[in-house]
Amino acid sequence: ARLTDHLGLLIASDPARAWRIEEAAEHLGLSGRSLQRYLLAEGGTFSEALRNARTDVSARLLRKSDLSLGEIGFTCGYADQAHFQREFRKVAGQTPRNFRKHGGKIHKSVKTVL
């Protein structure tokens, strides 16, 4: 498995946490700089991994819960609903509302598995 996958699982275990690269690296037994190098070698960055992991969790919640968009955004670590919507759209190519309305289907090719 790729380190990006391990990092995604770590973030998904507590998506509301204010994750910092140094803290995540420590959980993975690495230095912050080593984690950054490994992620770059795999074609990504910490902020992309964070966004993708939070989007994965929010996509599951959009599909399987009746929580409001604001509640889902808060649960996934976003300060407000607008921030949640912007970040979700970057990954999924649509707003969380449209994603939920269309049964959790992605309308564009994305890097992450939603």
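Heavy atoms only: backbone and side chains are in, while hydrogens, waters and symmetry mates are out.
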For Ser13, give me all partners under side-chain hydrogen bond (donor to acceptor under 3.5 Å, both in side chains), at least two apart in sequence or on another chain.
none
For Glu22, what residues pass the salt bridge (charged side-chain N to carboxylate O under 4.0 Å, His left out) criterion, not counting sequence neighbours?
Arg20
Mind checking salt bridge (charged side-chain N to carboxylate O under 4.0 Å, His left out) for Arg100 and listing every partner two or more places apart, or none if nothing turns up?
none
Does Ile11 belong to the same Ile/Leu/Val/Met/Phe/Trp/Tyr cluster as Phe74, with side-chain heavy atoms less than 4.5 Å apart forming each link?
no
Please find the pair of heavy atoms, one from Trp19 and one from Asp14, that lie closest to each other, and give the distance.
NE1-O, 2.9 Å
So how far is it from Glu71 CD to Gln81 CD, rounded to the nearest 0.5 Å?
10.0 Å
Listed partners of Ile21 passing side-chain contact (heavy atoms from CB on, under 4.5 Å), at least two apart:
Leu35, Gln36, Phe46
Any residue meeting side-chain contact (heavy atoms from CB on, under 4.5 Å) with Asp66, in chain and number order, not counting sequence neighbours:
none
Is any side-chain heavy atom of Cys76 closer than 4.5 Å to a side-chain heavy atom of Leu61?
yes
Show which residues join Leu40 in its hydrophobic cluster (side-chain heavy-atom contacts under 4.5 Å, direct or indirect), or state none.
none
In terms of heavy-atom contacts, Ala12 and Ala53 come closest through N-CB, 4.4 Å
Partner set under side-chain contact (heavy atoms from CB on, under 4.5 Å) for Glu87, not counting sequence neighbours:
Arg51, Tyr78, His83, Lys90
Considering all heavy atoms, the nearest His6-Leu28 contact:
CB-CD2, 4.2 Å
Contacts of Arg17 that satisfy side-chain hydrogen bond (donor to acceptor under 3.5 Å, both in side chains) - sequence neighbours left out:
Glu23
Any chance you could measure Thr75, atom OG1, to Arg54, atom CZ, to the nearest 0.5 Å?
11.5 Å
Heavy-atom closest pair, residues Val57 and Pro15
CG1-CG, 4.0 Å
What pairs with Ala82 under side-chain contact (heavy atoms from CB on, under 4.5 Å), at least two apart in sequence or on another chain?
Asp80, Arg86
Do Leu67 and Phe84 belong to the same hydrophobic cluster, where Ile, Leu, Val, Met, Phe, Trp and Tyr are linked whenever their side-chain heavy atoms lie under 4.5 Å apart, directly or via other members?
yes
Apply side-chain hydrogen bond (donor to acceptor under 3.5 Å, both in side chains) to Ser47 and list each qualifying residue two or more places apart in sequence or on a separate chain.
Thr45
Between Leu50 and Val91, is there a shared hydrophobic cluster once you connect ILVMFWY residues whose side-chain heavy atoms come closer than 4.5 Å?
no
Return the CG to CZ distance between Leu69 and Arg97, rounded to the nearest 0.5 Å.
4.5 Å
I want to check something: taking the side chain as every heavy atom from C-beta on, are Tyr38 and Leu7 in contact at a cut-off of under 4.5 Å?
no
Between Glu42 (side chain only) and Leu3 (backbone N and O only), is there a donor and an acceptor less than 3.5 Å apart?
yes
Does Leu9 sit in a hydrophobic cluster with other residues, and if so which ones, taking ILVMFWY side chains as linked at heavy-atom separations under 4.5 Å, directly or through other members?
none
Does Glu26 have any side-chain hydrogen bond (donor to acceptor under 3.5 Å, both in side chains) partners at least two apart in sequence or in another chain, and if so, which?
none
